[in-house]
Amino acid sequence: QLQLVESGGGLVQAGGSLRLSCAASGFTLDYYAVGWFRQFPGKEREGVSCISSSGGSTNYVDSVKGRFTISKDSAKNTVYLQMNSLKPEDTAVYYCAVGEHCTLTPIDYGYWGQGTQVTVST
């Protein structure tokens, strides 16, 4: 059974940190790019970060550059999103997804996890 499972979300104060995990089962992430996306209430999903299948290429939306870091652990078949210096405006449901290339465009990804809530309080 193919699965992508996000975890690590929660409630944190502004300035704090969280590490999101995207664990795959039933297939290997070595052959796929992985993207992290977030969705604000009433808004369309937006790309946050992505990492190529090899892990050698990454990309970030401007609003998180310098604060978020994406990484990949092939042994654990898991991609992480380390989020530091969190701001209230980072509050959203975060999703991971797999696709062919590292892009920040949701339509480029064909398989999605169920999402994890991140809430940053003031």
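Any value given below was found using the heavy atoms of this structure, including those in side chains, with hydrogens, waters and symmetry copies removed.
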Chi angles and distances behind the side chain to side chain contact (heavy atoms under 4.5 Å, CB included) call for Val5, Gln114: CA-CA 7 Å; Val5 179; Gln114 83 290 346; 4.3 Å; yes
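- Side chains of Asp30 and Ser74: a donor on one and an acceptor on the other come within 3.5 Å.
- Every residue meeting the salt bridge (charged side-chain N to carboxylate O under 4.0 Å, His left out) condition with Glu46, not counting sequence neighbours, appears here in chain and number order: Arg38.
- For the atom pair Ser25 OG and Asn77 CG, the distance stands at 8.0 Å (nearest 0.5 Å).
- The CG atom of Leu18 sits 11.0 Å away from the OG atom of Ser7 when rounded to the nearest 0.5 Å.
- In this structure, the side chains of Val118 and Met83 come closer than 4.5 Å at one or more pairs of heavy atoms.
- Heavy atoms of other residues, nucleotides or ligands lying less than 6.0 angstrom from CD of Glu89 number more than 12.
- By the 4.5 Å heavy-atom criterion applied to side chains, Leu4 and Val98 are counted as neighbours.
- At a cut-off of 3.5 Å, with distance as the only test, a side-chain donor of Arg45 or Gln39 sits close to an acceptor on the other residue.
- By the criterion of side-chain heavy atoms lying less than 4.5 angstrom apart, applied directly or through intervening Ile, Leu, Val, Met, Phe, Trp or Tyr residues, Tyr80 is not grouped with Val64; the two fall into different hydrophobic clusters.
- Take Lys43 and apply the salt bridge (charged side-chain N to carboxylate O under 4.0 Å, His left out) test, not counting sequence neighbours, and it matches no residue.
- If you take CZ on Phe68 and CG on Asn84, they are separated by 8.5 Å, rounding to the nearest 0.5 Å.
- Grouping Ile, Leu, Val, Met, Phe, Trp and Tyr by side-chain contacts under 4.5 Å, direct or through others, puts Phe37 with Val93, Tyr95, Tyr109, Trp112.
- Contact annotation: the side chain of Glu6 never approaches that of Leu20 to less than 4.5 Å [non-hydrogen atoms, C-beta and beyond].
- Residues Thr78 and Lys76 approach most closely at OG1-O, 2.8 Å, considering heavy atoms.
- Between atom CH2 of residue Trp36 and atom SG of residue Cys96 there is a gap of 4.5 Å, rounded to the nearest 0.5 Å.
- A salt bridge between Asp90 and Lys87 is absent, with no side-chain N of the basic residue lying under 4.0 Å from a carboxylate O of the acidic one.
- Interatomic distance, CD1 of Ile51 versus SG of Cys22, reported as 11.0 Å (0.5 Å rounding).
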Residues Leu81, Thr69; criterion side chain to side chain contact (heavy atoms under 4.5 Å, CB included); working and verdict: CA-CA 6 Å; Leu81 185 68; Thr69 303; over 6 Å; no
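- Annotation for Cys102 and Ser57: closest pair SG-O, 4.2 Å, computed over non-hydrogen atoms.
- For Tyr32 and Tyr111, the distance between ring centers is not under 6.0 angstrom.
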Side chain to side chain contact (heavy atoms under 4.5 Å, CB included) between Tyr60 and Leu104, worked out: CA-CA 8 Å; Tyr60 300 89; Leu104 299 182; 5.9 Å; no
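- Atom CD of Glu100 is surrounded by 12 or fewer heavy atoms from other residues, nucleotides or ligands within 6.0 Å.
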Audit row: Ser17, Val12, side chain to side chain contact (heavy atoms under 4.5 Å, CB included) steps and yes/no: CA-CA 7 Å; Ser17 298; Val12 64; over 6 Å; no
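- The OG atom of Ser52 lies 7.0 Å from the NZ atom of Lys72; values are rounded to the nearest 0.5 Å.
- Within 6.0 Å of the CG atom in Leu2, the count of heavy atoms belonging to other residues, nucleotides or ligands exceeds 12.
- Two residues are said to be in side-chain contact when any heavy atoms from C-beta on lie closer than 4.5 Å; Gln117 and Thr91 meet this criterion.
- Gln13 places no side-chain N or O within 3.5 Å of a backbone atom of Thr122 that could act as its donor or acceptor partner.
- Looking only at distances, no side-chain donor or acceptor of Ser21 sits under 3.5 Å from a matching main-chain atom of Ala23.
- At a threshold of 4.5 Å between side-chain heavy atoms, the hydrophobic network of Ile, Leu, Val, Met, Phe, Trp and Tyr places Val61 and Ile107 in two separate groups.
- With a 4.5 Å cut-off on side-chain heavy atoms, Asn59 and Thr103 do not count as touching.
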